[in-house]
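Some notes on the structure that comes next.
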Amino acid sequence: MTERVHDVLRVEPHMIPMLRAEFDSALSQLAQTLVDLGSRGYLQAAWLGDETSAAVAEHYTQRAMDQPDSSYRALLEYEAELTRIRDTLQRMEEQYLGADQGAADQYRRT
């Protein structure tokens, strides 16, 4: 049985907002790329109107856009992963802020 090793990124609490902002920026850029690719990545018709170019257009569309292991699908999965990381950073920030507030409240009571 193979043991899976996970890399760990250690982040100081004050760095989380900046890191999350970088993920937001990457997601924004990727979203625009996906919109562009989604609208221009599909070949509408065979460019020469013959059987060969029709077959090539179909093959390209399948490989680049539609198949589960296509480039377009890989970018969609990448977007989903970046979103999960950004959301995790958001939750971490909220937890740290809540812990800081709780500690401050506790300190004021003593």
Side-chain angles (χ1 to χ4, degrees):
M1 179 183 255
T2 305
E3 183 177 328
R4 189 170 173 176
V5 177
H6 296 279
D7 292 328
V8 175
L9 175 65
R10 300 194 190 284
V11 179
E12 294 294 322
H14 69 278
M15 297 171 69
I16 293 175
M18 179 184 65
L19 186 57
R20 188 174 37 81
E22 292 299 324
F23 275 89
D24 283 335
S25 175
L27 280 163
S28 177
Q29 292 173 34
L30 183 57
Q32 184 58 50
T33 298
L34 286 169
V35 167
D36 291 345
L37 186 57
S39 66
R40 297 188 316 199
Y42 289 92
L43 298 179
Q44 299 302 318
W47 54 93
L48 295 178
D50 64 341
E51 288 182 24
T52 301
S53 60
V56 170
E58 176 64 23
H59 177 75
Y60 161 80
T61 299
Q62 288 297 311
R63 286 298 302 139
M65 302 299 289
D66 291 337
Q67 289 182 349
D69 63 343
S70 70
S71 302
Y72 184 65
R73 300 282 181 216
L75 286 173
L76 290 172
E77 290 174 17
Y78 180 58
E79 179 187 42
E81 184 64 21
L82 287 177
T83 300
R84 281 190 292 276
I85 294 168
R86 192 259 333 263
D87 292 349
T88 298
L89 288 168
Q90 178 67 42
R91 285 190 304 276
M92 288 171 61
E93 183 178 10
E94 291 167 358
Q95 288 173 348
Y96 281 126
L97 291 174
D100 285 349
Q101 184 62 46
D105 292 345
Q106 182 66 27
Y107 179 74
R108 278 186 285 242
R109 280 182 259 178
T110 56

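Since this is a predicted model, take the numbers as computed values, not measurements. Residue numbers run from 1 in the order of the sequence given.
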Is Tyr42 reachable from Leu75 through a run of I, L, V, M, F, W or Y residues, each pair having side-chain heavy atoms under 4.5 Å apart?
-> yes

Over all atoms of both residues, closest heavy-atom pair of Ile16 and Leu89 | CG2-O, 3.4 Å

What residues form a side-chain contact (heavy atoms from CB on, under 4.5 Å) with Ser53, not counting sequence neighbours?
-> Ala46, Trp47, Leu48, Asp50

To the nearest 0.5 Å, tell me how far Phe23 CZ sits from Glu81 CD.
-> 9.0 Å

For Leu76, the side-chain contact (heavy atoms from CB on, under 4.5 Å) test, sequence neighbours excluded, returns Leu34, Tyr72, Arg73, Glu79

Whether Ser28 side chain and Asp24 backbone form a donor-acceptor pair below 3.5 Å = no

Contacts of Gln29 meeting side chain to side chain donor-acceptor pair (under 3.5 Å) (sequence neighbours excluded), chain-then-number -> Ser25

Are any side-chain N or O atoms of Tyr60 and backbone N or O atoms of Met65, one a donor and one an acceptor, separated by less than 3.5 Å?
-> no

Mind checking what makes side chain to side chain donor-acceptor pair (under 3.5 Å) contact with Gln90, not counting sequence neighbours?
-> Arg20, Glu94

Does any pair with a residue in residues 53-64 pass salt bridge (charged side-chain N to carboxylate O under 4.0 Å, His left out), and if so which ones, sequence neighbours excluded?
-> Arg63-Asp69

With Arg91 via side chain to side chain donor-acceptor pair (under 3.5 Å) - residues at least two apart | Thr88

Sequence-distant partners of Met15, side-chain contact (heavy atoms from CB on, under 4.5 Å), two or more places apart = Val11, Glu12

Heavy-atom check, side chain of Leu82 versus side chain of Arg86, under 4.5 Å = no

Non-neighbouring partners of Tyr78 that pass side chain to side chain donor-acceptor pair (under 3.5 Å), sequence neighbours left out | none

